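Note that ligands are numbered from 1 as they come in the structure, with each ligand's atoms numbered from 1 the same way. Note that the structure is predicted; figures quoted are calculated from it, not measured.
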Amino acid sequence: MNTLFEETALKTMSLQNRTIRSATWEGLAADDGGVTPAYIAKLVALARGGVGLVITGNAFVSPEGRGGHRQLGVQDDARVPGLAALTGAVHAAGGRIALQLAHAGEIADTAHSGLPPVGPSPDPDQPGGEALDVAGIAALVAAFARAAARAKTAGFDAVQVHAAHGYLLHQFLSSAWNSRDDAYGGALENRARMLLEVVDAVRAVVGPDFPLLVKCNSEDFVPGGLTVDESLAVAGMLEAAGVDALELSGGCKQAGPAFMPARKGRIKGPDQEAYYRAAAVRFKERLRIPLALVGGIRSHGVAEALVRTGVADYVALSRPLVCEPGLIGRWREGDRRPALCVSDNACYAPIFAGEGIRCPSFAGKRVSAAD
Ligand SMILES: Cc1cc2nc3c(=O)[nH]c(=O)nc-3n(C[C@H](O)[C@H](O)[C@H](O)COP(=O)(O)O)c2cc1C
């Protein structure tokens, strides 16, 4: 029987417990995507706060794939020294850190890149968007691989490929975006082709022992989009391709407010926690590789039960750790009160204001020493 506060390992990465800070856009990088002192301080606070693995906010692998301002970048070699300073600081704080590799595809923020968005198929809502041709797909697969190589050089313990939340690799998976009729569209095996090429290319550069994670959606909640059955099949393909662990999420901006990955609305009790619990049960039945579950996990009791009953091998949290970076340490030390987070998504406003992520709702309240 697994427990929340036990040591585990994913290949070369040992972890002090089964908790993960799910990737969260911090809005604290420099304009060119570079690491800043404020960025390092934010992630060091998370490591000190006791979370087993910190996954960075999504880092763009190529300039036109940038999703938002002050987003972390891993688009060129000039980013490596800053990223190395980040991993060094997190390691010195006793933490483990993975880099999330991402491309925003059709939902890229053109105001910041100045480049047209690219995706599987032209998007009528995004004038100027371009469908990738086969050479363009190959170039982006190579960009993911180069980014992974930079991550390894910079000292990250793992990489996570972002294939969820309406980002490029999810757009290819989902028929709501992908209407191609070539080898990258139509049948699920074709829609999964780019993701699998990315996984193979990343594996080729990081080597067999380096942990390679993928974040995927259980479903996207868009009419005609990715279903749980399809996601399960893709998960099987990822396992066969040698992925070391999956993080299961769901939803996307295009699904509307009720099905955003970060659902808005206070979670009133354990029954409302873990949005994708039912899907996770099915994923665990199907997979042998470890599964992390994210989305609406707020109490120690639910986190512990998910792990103990085998619904998930790891629990991942985003907003609760914005509010309380020391939440996991607090639980470990015996203060088992639920997270303060009220899931009002107020943490987005300071990012958009250019100030970086924080929780305005609980400003100034201290619950544990790390907050
Ligand atoms: C401000 C903010 C930024 C986020 N940025 C990312 C991101 O960069 N990559 C990602 O995969 N998910 C991102 N997410 C989604 C979270 O990782 C997580 O899947 C979601 O918030 C649900 O978990 P929670 O209920 O613990 O917050 C973000 C969420 C928030 C609130």
Under a plain distance cut-off of 3.5 Å, with no hydrogens placed, do H165 and S249 share a side-chain donor-acceptor pair? yes

Under a 4.0 angstrom heavy-atom cut-off, which atoms of ligand 1 come close to [X]?
{"X": "R298", "value": "24 (P), 25 (O), 26 (O), 27 (O)"}
{"X": "H162", "value": "9 (N), 10 (C), 11 (O)"}
{"X": "G296", "value": "24 (P), 25 (O)"}

Closest approach of any protein heavy atom to [atom], naming residue and atom:
{"atom": "atom 8 (O) of ligand 1", "value": "N58 ND2, 2.4 Å"}
{"atom": "atom 9 (N) of ligand 1", "value": "Q100 OE1, 2.8 Å"}
{"atom": "atom 30 (C) of ligand 1", "value": "Y348 OH, 3.3 Å"}
{"atom": "atom 19 (O) of ligand 1", "value": "K215 NZ, 3.3 Å"}
{"atom": "atom 5 (N) of ligand 1", "value": "W25 N, 2.9 Å"}
{"atom": "atom 26 (O) of ligand 1", "value": "S318 N, 2.9 Å"}

Ionic contact status for D200 with R193, cut-off 4.0 Å: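 Answer for the salt bridge query: no.
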
Taking only Lys NZ, Arg NE, NH1 and NH2, and the carboxylate oxygens of Asp or Glu, determine whether R266 and D344 approach each other closer than 4.0 Å. no

Would you check whether V294 reaches within less than 4.0 Å of ligand 1, judged by its heavy atoms? yes

Below 4.0 Å from ligand 1: does a non-hydrogen atom of I351 turn up there or not? yes

Under 4.5 Å between side-chain heavy atoms, hopping through other hydrophobics if needed: is there a path connecting L195 to V134? yes

Quick check on the hydrophobic clustering: are V322 and V315 connected, directly or via other members, by side-chain heavy-atom contacts under 4.5 Å?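 V322 does not cluster with V315.
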
When the ring planes of F5 and H300 are compared, do they come out parallel, tilted or perpendicular, using 30° and 60° as the limits? parallel

W177 ring center within less than 6.0 Å of Y184 ring center: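 Not close enough - the centres of the two rings lie 6.0 Å or further apart.
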
Could you name the option among H165, M260, R263, R319 that has the heavy atom nearest to atom 27 (O) of ligand 1?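 Going through H165, M260, R263, R319 one by one, R319 has the nearest heavy atom to atom 27 (O) of ligand 1.
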
Between the candidates P261, A262, S22, A23, which shows the shortest non-hydrogen contact distance to atom 28 (C) of ligand 1?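 Considering heavy atoms of P261, A262, S22, A23, the nearest to atom 28 (C) of ligand 1 sits in A23.
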
Approximate separation, where rounding is to 0.5 Å, of E26 CD and K42 NZ: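 So the gap between those two atoms works out to 9.0 Å.
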
Which part of V322 is near ligand 1, with near meaning a heavy atom under 4.0 Å away: side chain, backbone, both or neither? neither

Report the hydrophobic cluster partners of Y314, with the cluster defined as I, L, V, M, F, W, Y residues connected by side-chain heavy atoms closer than 4.5 angstrom, directly or transitively.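 Members alongside Y314: L10, M13, L15, I20, L53, I55, L213.
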
Are any of the N/O atoms on N345, whether in the backbone or the side chain, positioned under 3.5 angstrom from an N/O atom of ligand 1? no

